[in-house]
Amino acid sequence: MQINTLNDLFIHGLSDIYSAEKQLARALTKMAREASNAELVQAFKQHLEETHGQIERIDMLLEAEANVKLKRMKCHAMEGLVEEANEVIEASEKGTLRDAGLIAAAQKVEHYEIASYGTLCTLAKQLGYKKAAELLAQTLEEEKNTDNLLTKIATSKINQKAEVE
């Protein structure tokens with residue numbers, strides 16, 4: 001996709017995160033299955049539900065903003081982050097150490113999403129896409145909350161237990 005305007009940049013970023021969310025939806029199912037800590041499994045399942053809602057929110061944004069049409073593209077960053085999570089699964093036995101690795105992989109994903117949605121919120125506001133900015137801000141807050149939850153799970157239970165195993 002050729003990027004010639006700020007609107008093009010916004011559409012590129014939105015298309016990229018749309019692809020990322022779809023890839024993540026598939027990955028979260030596997031991550032939940034491969035985790036052993038019940039709280040972590042629940043966090044992954046909850047984030048999967050949120051991810052489906054975030055995809056729907058992007059669809060709503062497209063309906064609300066006539067000048068915004070997604071381009072077909074693949075988010076290579078998310079592809080790499082999902083591959084890192086798969087490497088953790090393949091390189092470790094199911095248990096607390098794997099859980100710690102899955103949290104680390106998931107937080108890399110969250111930080112990518114936070115950066116992406118933060119940028120998209122800023123661009124939407126500048127371009128005058130009021131409804132898009134509102135919808136993207138909702139998703140940004142969900143991503144921040146998920147990151148905080150993963151930190152809490154890691155620091156309150158999993159990381160200390162993984163260290164002594």
Side-chain angles (χ1 to χ4, degrees), residues 12-62 70-124 132-165:
H12 182 273
L14 191 62
S15 300
D16 184 74
I17 200 67
Y18 191 75
S19 167
E21 294 291 12
K22 290 197 169 231
Q23 290 178 58
L24 180 59
R26 291 187 296 274
L28 282 168
T29 300
K30 182 176 183 179
M31 292 170 76
R33 188 175 59 245
E34 295 295 337
S36 62
N37 176 278
E39 190 176 3
L40 181 58
V41 170
Q42 184 55 41
F44 285 149
K45 287 180 178 180
Q46 177 184 331
H47 192 52
L48 176 60
E49 288 178 32
E50 286 179 353
T51 299
H52 288 301
Q54 292 162 356
I55 291 167
E56 289 175 19
R57 205 173 283 136
I58 292 172
D59 290 334
M60 289 169 46
L61 179 162
L62 295 170
L70 292 182
K71 303 295 180 189
R72 289 187 54 91
M73 61 184 297
K74 184 174 200 171
C75 178
H76 297 292
M78 185 60 74
E79 183 178 39
L81 292 169
V82 168
E83 181 55 35
E84 284 189 34
N86 286 330
E87 288 172 3
V88 166
I89 291 166
E90 292 170 12
S92 62
E93 297 295 321
K94 192 168 190 169
T96 307
L97 184 60
R98 178 184 284 174
D99 289 350
L102 287 173
I103 290 171
Q107 286 194 286
K108 286 180 183 182
V109 167
E110 291 311 307
H111 294 186
Y112 177 75
E113 290 180 312
I114 289 166
S116 296
Y117 282 110
T119 299
L120 288 168
C121 284
T122 300
L123 291 173
E134 291 171 12
L135 292 168
L136 293 165
Q138 289 175 10
T139 298
L140 177 60
E141 286 309 306
E142 287 177 354
E143 301 298 1
K144 289 177 181 178
N145 291 338
T146 298
D147 183 48
N148 289 334
L149 176 61
L150 289 169
T151 295
K152 180 180 166 260
I153 294 169
T155 58
S156 68
K157 297 176 178 73
I158 292 176
N159 288 355
Q160 291 140 344
K161 189 174 175 187
E163 185 177 31
V164 296
E165 283 187 356

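Residue numbers start at 1 and run along the sequence shown.
Here the shortest heavy-atom pairing between L136 and A124 reads CD1-CB, 4.1 Å. In this structure, L40 and A35 approach most closely via the heavy-atom pair CD2-CB, 3.9 Å. Residue Y112 comes nearest to M78 through the heavy atom pair CD2-CE, 4.3 Å, listed as atom of the first residue, atom of the second, then distance.
Here CG of L102 is found 9.0 Å from OG of S36. Values are rounded to the nearest 0.5 Å. If you take CG on D99 and OG on S92, they are separated by 8.5 Å, rounding to the nearest 0.5 Å. E50 contributes atom CD, which lies 12.5 Å from atom CD of E56 (distance to the nearest 0.5 angstrom). Once rounded to the nearest 0.5 Å, the distance linking CD of Q42 with CG of N37 reads 11.0 Å. Interatomic distance, I55 CD1 to I17 CD1, rounded to the nearest 0.5 Å: 10.0 Å. To the nearest 0.5 Å, the span separating CG on L61 from CG on L70 amounts to 8.5 Å.
Of the listed residues (Q54, H52, E110), just one forms a side chain to side chain donor-acceptor pair (under 3.5 Å) with H47, and that residue is E110.
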The test is side chain to side chain contact (heavy atoms under 4.5 Å, CB included); show your working for E142 and R57 and say whether it passes. CA-CA 12 Å; E142 287 177 354; R57 205 173 283 136; 3.1 Å; yes
Which is it for T139 and L135 under the side chain to side chain contact (heavy atoms under 4.5 Å, CB included) test, yes or no, and what are the steps along the way? CA-CA 7 Å; T139 298; L135 292 168; over 6 Å; no
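Looking at Q107, its side chain does come within 3.5 Å of a backbone N or O of D147 through a donor-acceptor pair.
Listed by chain and number, the residues in a salt bridge (charged side-chain N to carboxylate O under 4.0 Å, His left out) with K108 are E84 (sequence neighbours excluded). By the side chain to side chain donor-acceptor pair (under 3.5 Å) test, E49 is found to be paired with no residue, residues two or more places apart in sequence or in another chain being considered. By the salt bridge (charged side-chain N to carboxylate O under 4.0 Å, His left out) test, K144 pairs with E141, sequence neighbours left out.
Open room surrounds NZ on K74; 12 or fewer heavy atoms of other groups in view lie less than 6.0 Å from it.
Counting only N and O atoms by type, the side chains of S19 and Q23 include a donor and acceptor under 3.5 Å apart.
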